[in-house]
Amino acid sequence: MIEIRGVKVRAGTFEVLADGAEVVGKAVLLGPNGSGKTTLLRAVSGVIPYEGSIKIDGVEVDSARGLLTVSSNLPEIYRIAYDVAGLLEVFEDLKGVDRGEFEALMGRLGLGREVMRRPVHALSAGQWSLVRLALALSSRPKTILVDEPFENVDPARRGAVLKLLVERGESGIVATHDLDALKAMRGWDAYFMLEGRLYGPVLVDDLLASGLVRGRAGGALLTLKVGGVEYSVVKGAGVKFSEMGTVNKIYGLVE
Ligand SMILES: Nc1ncnc2c1ncn2[C@@H]1O[C@H](COP(=O)(O)OP(=O)(O)OP(=O)(O)O)[C@@H](O)[C@H]1O
């Protein structure tokens, strides 16, 4: 379980505020570009400082060492070797990554063996994203913290990525702006990150049956604030989340 209480995280002059999130199982964190998803995930992963409390399975993240049962695909964690084979060796030692499992995941993600000898800087953006995901998941973590797993990944491989995210980890957070992925996440909780504020949870199944309407609506599942204006997530009304494609569209819808 991930518990987030009274949290403030600073990224330059940007501030993320998150209070009262209790993630049991897996949750999807939805937010447009620049809304603060990565900043929150960095704090939950223990790579940047925060105020307040973030606990994973009862352990305060910033006072824990190593958190071996937690894995993330954040790029800063993987800038530690020259090529993919080197990265694998480091993470075998550091995190108990299983080589056979890593190779199996690379196969499932459509990455050939030649990728192993490729320098990290020579990978395409999509390959780099898939390699980080395979490394994160091949230590068989209990908790997964995954940032934008579909970014730069071609449509043919997106299904494989989604399947792995659904299969792996007992609990965790997957951050994305991609609403099409929700259909594979039924039963998960969804949170929104908008302008540095966390809202939620709402069940993905309910979100898929809901839309966004202007103002504070009676019976709303959630009320969000965008550009100083309130919007409500309402079942069976408004612009449907299931047809929006990306959360980035919120800004186009809400003028
Ligand atoms: N180290 C930093 N210094 C200054 N500003 C930062 C820093 N890190 C992030 N920011 C700013 O904080 C805001 C939130 O960024 P963040 O990367 O958390 O958003 P995001 O929701 O993950 O966006 P995206 O989907 O585009 O990755 C952005 O405006 C970003 O420019």
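The chain is numbered in sequence order, starting from 1. Remember, predicted model here, so these are calculated numbers, not experimental data.
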Let me confirm one number: the [atom1]-[atom2] distance from [X] to [Y], rounded to the nearest 0.5 Å.
X      : Y      : atom1 : atom2 : value
Lys183 : Met185 : NZ    : CE    : 11.5 Å
Ser45  : Ile144 : OG    : CD1   : 11.5 Å
Leu17  : Met193 : CG    : CE    : 9.0 Å
Leu207 : Leu182 : CG    : CG    : 6.0 Å
Leu162 : Arg157 : CG    : CZ    : 15.0 Å
Glu76  : Arg42  : CD    : CZ    : 4.5 Å

Please give me the minimum heavy-atom distance between [X] and [Y], naming the atom from each residue.
X      : Y      : answer
Ser129 : Val153 : OG-CG2, 4.0 Å
Ala43  : Val9   : CB-CG2, 3.8 Å
Ala134 : Leu109 : CB-CD1, 4.2 Å
Val120 : Val84  : CG2-N, 4.4 Å
Val97  : Leu135 : CG2-O, 3.6 Å
Ala81  : Val90  : CB-CG2, 4.4 Å

[Y] side chain reached by [X] side chain, heavy atoms, under 4.5 Å:
X      : Y      : value
Ile48  : Arg10  : no
Val7   : Leu198 : no
Val174 : Pro149 : yes
Asp189 : Val24  : no
Leu194 : Ser35  : no
Arg132 : Ile77  : no
Leu133 : Leu165 : yes
Ser210 : Val234 : no

Under 3.5 Å, side chain of [X] to main-chain N/O of [Y], donor-acceptor pair present?
X      : Y      : result
Thr143 : Val70  : no
Lys37  : Gly31  : yes
Asp98  : Ser138 : no
Lys8   : Glu51  : no
Asp83  : Pro119 : no
Glu195 : Gly227 : yes

Say whether [X] and [Y] are linked into one hydrophobic cluster, either directly or through other cluster members, by side-chain heavy-atom distances under 4.5 angstrom.
X      : Y      : result
Met116 : Leu87  : yes
Val239 : Val233 : yes
Tyr50  : Phe14  : yes
Leu208 : Tyr231 : yes
Met1   : Tyr191 : no

Quick one: sort the Tyr78 and Trp128 rings into parallel, tilted or perpendicular, breaks at 30° and 60°.
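Ring orientation of Tyr78 relative to Trp128: perpendicular.
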
Extract all donor-acceptor atom pairs below 3.5 Å that involve side chains of residues 218-225 and protein atoms in other chains or at least two apart in sequence.
none

Name the residue from Asn248, Thr246, Leu30 that meets the side chain to side chain contact (heavy atoms under 4.5 Å, CB included) definition with Leu179.
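The residue from Asn248, Thr246, Leu30 that satisfies side chain to side chain contact (heavy atoms under 4.5 Å, CB included) with Leu179 turns out to be Leu30.
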
Aromatic centroids of Phe192 and Phe241 separated by under 6.0 Å
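Ring centroids of Phe241 and Phe192 are less than 6.0 Å from each other.
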
Cationic N near anionic O, under 4.0 Å, Lys235 to Asp206:
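The answer is yes: the pair qualifies as a salt bridge.
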
Listed by chain and number, what are the salt bridge (Lys or Arg N to Asp or Glu O under 4.0 Å) partners of [X], not counting sequence neighbours?
X      : result
Glu89  : none
Glu114 : none
Arg5   : Glu3, Glu22
Lys26  : none

Worked verdict on Asp178 versus Arg158 for salt bridge (Lys or Arg N to Asp or Glu O under 4.0 Å):
CA-CA 11 Å; Asp178 188 329; Arg158 286 167 47 96; 2.6 Å; yes

Test of understanding: with side-chain contact (heavy atoms from CB on, under 4.5 Å), list the residues that count as partners of Glu151, not counting sequence neighbours.
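With neighbours one apart ignored, the set is Glu148, His177.
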
